[in-house]
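These numbers were taken from a predicted model, which means no experiment stands behind them.
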Number of protein chains: 2
Amino acid sequence: MDAADARDPTRVEGSATGQASARRMPPSSQEAALLDAAEELFYEEGYQAVGMDRLRTASGVPLKRIYGLFPGKEAVAVAMLDRRDARWRGALDTHVRRHEDPHRRVLAVYDWLEERLVGPGHRGCAWINAFGELGGTSEPVAEAVRRHKASFRRDLGVLVAEAGASTATADAIHLLAEGLLVTGGIVGDARAVARTAAEAREAADRLLQSTAAGSRIAGL
Amino acid sequence: MDAADARDPTRVEGSATGQASARRMPPSSQEAALLDAAEELFYEEGYQAVGMDRLRTASGVPLKRIYGLFPGKEAVAVAMLDRRDARWRGALDTHVRRHEDPHRRVLAVYDWLEERLVGPGHRGCAWINAFGELGGTSEPVAEAVRRHKASFRRDLGVLVAEAGASTATADAIHLLAEGLLVTGGIVGDARAVARTAAEAREAADRLLQSTAAGSRIAGL
DNA sequence: TTGACTGGAGAACGTTCGTTCTCTAGTCTA
DNA sequence: TAGACTAGAGAACGAACGTTCTCCAGTCAA
């Protein structure tokens, strides 16, 4: 790195044309900028519809450096999915733990998913979409999707266990969440997403109640 | 090609290399052969990973005729999805109606989905995958997916209504089915698919039972 | 048999892709 | 200041794509 960076290490964009530039950006910021652009563009348009050139333009990271950071486009996609996984599940955890009641926490999962699904430009679950596009041709991407889905399922299992419900109920809570994710992504408009989320939440509530009722009947 | 083909108009393949040939095939058969190839290849590898040349080779239908039958690749994909929709839902209907008990019919949906998900080369739900790949860039494909999912949901609604359960239960049955489709597609191996199907089936059963119990309690 | 016609095989075309290479402006050491 | 070096902007490259076009074997009416 050079003296200019030392003088202004916060400098991130500097092009006169207004497009992002990675000039003098430290490598870690460049990687972040690249993954930011990849996350947004791949999510909105798909993986194959976005070329490396658009990633370069949107992130301001030169092609030469992109290929210095990652061996190829596929690796960028995997890194993006993994980074998103950490952030996504962290945000979900933060959201649900704002509630004290363990039962309410489980239902709050659906609130959070609904919020995520109705935003502008949203197109469902990034991992489901990635699997749909690349699951058949890219094993690394397929594995990243399986990692995320397994982690999500595990996280839900913990929440449901804390609510005192059975593992069978946890399984159902998970399938309802996946059903909401895929259906909410496809239907498109916000009203339908809200309706679908309400359906999932109500079904989850019924299953949690019936577990509790069963437990009471069994004297647990 | 040779005179032997002319003598046998029903002949559908005739290449010495073993690949399909559409020579002398009537246009309706050519369309069917094309959609057969499109269905298989697009499903296994994705839409953008399969070029028109491979469609031509696999179906035996010349490019000239493909572009005579459809204005472009996108239209082939939409036609394939629509044709598959009719066959897919027809087969589901046939399967569930082999059972007499309306309650059992609903559960049989999950049996059938499980069968579909464990076959070799299977990669989940063709419509979910198509949406993941093209939902952001092709409105005709996105609409075909929405058509199919709306029809599937409606079909399930009829089955659940015939079982005497509420519309809320029907919604849950649908979300569980979607959750099974997406999860079963991603997890890959047959054991995990079977386990997921069992989870969905059990949750559906509980929801149907609780509806029935609720109805009895309410004196209906 | 002749001539017009049809339709298939595959070449051709223009574009776009992922990836690599070149050139140059700017920086640091001595 | 001189020279080695770094890194970015964009050209270059080979491959593959969707689509169109060319050419010729085969067919049918007269």
Side-chain angles (χ1 to χ4, degrees), chain A residues 1-8 11-17 19-27 29-31 33-34 38 41-42 45-77 133-134 137-138, chain B residues 1-9 11-17 19-27 29-31 33-34 38 41-42 45-77 133-134 137-138 141:
Chain A
M1 225 28 72
D2 57 28
D5 275 340
R7 271 178 250 122
D8 183 5
R11 178 181 163 89
V12 164
E13 48 188 341
S15 163
T17 67
Q19 71 188 27
S21 167
R23 212 163 160 73
R24 307 274 148 254
M25 199 189 288
S29 294
Q30 288 187 311
E31 180 169 332
L34 173 64
L41 292 173
F42 287 165
E45 303 180 35
Y47 176 84
Q48 301 183 82
V50 176
M52 296 300 275
D53 236 42
R54 289 193 53 204
L55 242 46
R56 182 188 82 88
T57 304
S59 68
V61 180
L63 281 175
K64 200 182 195 177
R65 181 160 289 276
I66 294 177
Y67 282 94
L69 291 165
F70 299 98
K73 193 183 185 185
E74 184 180 57
V76 174
E133 181 167 2
L134 299 172
T137 52
S138 167
Chain B
M1 220 31 68
D2 55 26
D5 276 341
R7 273 178 248 121
D8 181 6
R11 181 178 165 87
V12 165
E13 46 188 344
S15 162
T17 66
Q19 71 190 24
S21 168
R23 210 162 161 74
R24 304 274 148 257
M25 199 190 288
S29 296
Q30 287 186 312
E31 180 170 333
L34 172 65
L41 291 172
F42 288 164
E45 302 180 37
Y47 176 84
Q48 301 182 83
V50 176
M52 295 300 276
D53 236 41
R54 290 194 52 207
L55 242 45
R56 183 188 82 88
T57 303
S59 68
V61 180
L63 280 176
K64 200 183 197 177
R65 180 159 291 276
I66 294 178
Y67 283 94
L69 291 165
F70 299 99
K73 194 184 185 186
E74 184 180 58
V76 175
E133 181 167 2
L134 299 173
T137 51
S138 167
V141 168

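Separating the CG atom of B:L55 from the C1' atom of D:dT19 is a distance of 14 Å, rounded to the nearest angstrom. Rounded to whole Å, the distance from OH on B:Y47 to C1' on D:dG18 is 9 Å. When rounded to the nearest whole Å, the span between OH of B:Y67 and C1' of D:dC21 equals 13 Å. Residue B:I66 contributes atom CD1, which lies 14 Å from atom P of C:dG10 at whole-angstrom precision. Regarding A:R54, its CZ atom lies at a distance of 13 Å from the C1' atom of C:dC17, rounded to whole Å. One interatomic measurement links the two molecules: CG of B:L69 to P of C:dG8, which rounds to 10 Å at whole-angstrom precision. Taking atom CZ of residue A:F42 and atom P of nucleotide C:dC17, one finds them 12 Å apart after rounding to whole Å. Atom CZ of B:R65 is separated from atom P of D:dT19 by 18 Å (rounded to the nearest Å).
Among the nucleotides D:dA11, C:dA9, D:dC17, the one closest to any side-chain atom of B:K73 is D:dC17. If you check D:dT20, D:dG8, C:dT20 against the side chain of B:L63, the one that comes closest is D:dT20. In this structure, the nucleotide among D:dT20, D:dG8, C:dT19 sitting nearest to the side chain of A:Q30 is D:dG8.
The side chain of B:Q48 contributes no N or O atom lying less than 4.0 Å from OP1 or OP2 of D:dA16.
No donor-acceptor pair closer than 3.5 Å links the side chain of B:E133 to the backbone N or O of B:G46.
Closest approach of A:Q48 and A:K73 over heavy atoms only: CA-NZ, 4.1 Å.
Going from atom CD1 of A:I66 over to atom CZ of A:R56 covers 8.0 Å, rounded to the nearest 0.5 Å. Note that CD of A:Q30 is 6.5 Å distant from CG of A:L69, once rounded to the nearest 0.5 Å.
As judged by a 4.0 angstrom heavy-atom cut-off over every strand, A:V50 is placed among residues touching the sugar-phosphate backbone only.
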- [ ] With side-chain contact (heavy atoms from CB on, under 4.5 Å) as the test, would you mind laying out the steps for B:V141 and B:Y47 before giving the verdict?
- [x] CA-CA 11 Å; B:V141 168; B:Y47 176 84; 5.8 Å; no

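No hydrogens or angles were tested; on distance alone, a donor-acceptor pair under 3.5 Å links the side chain of A:K64 to the base of D:dG8.
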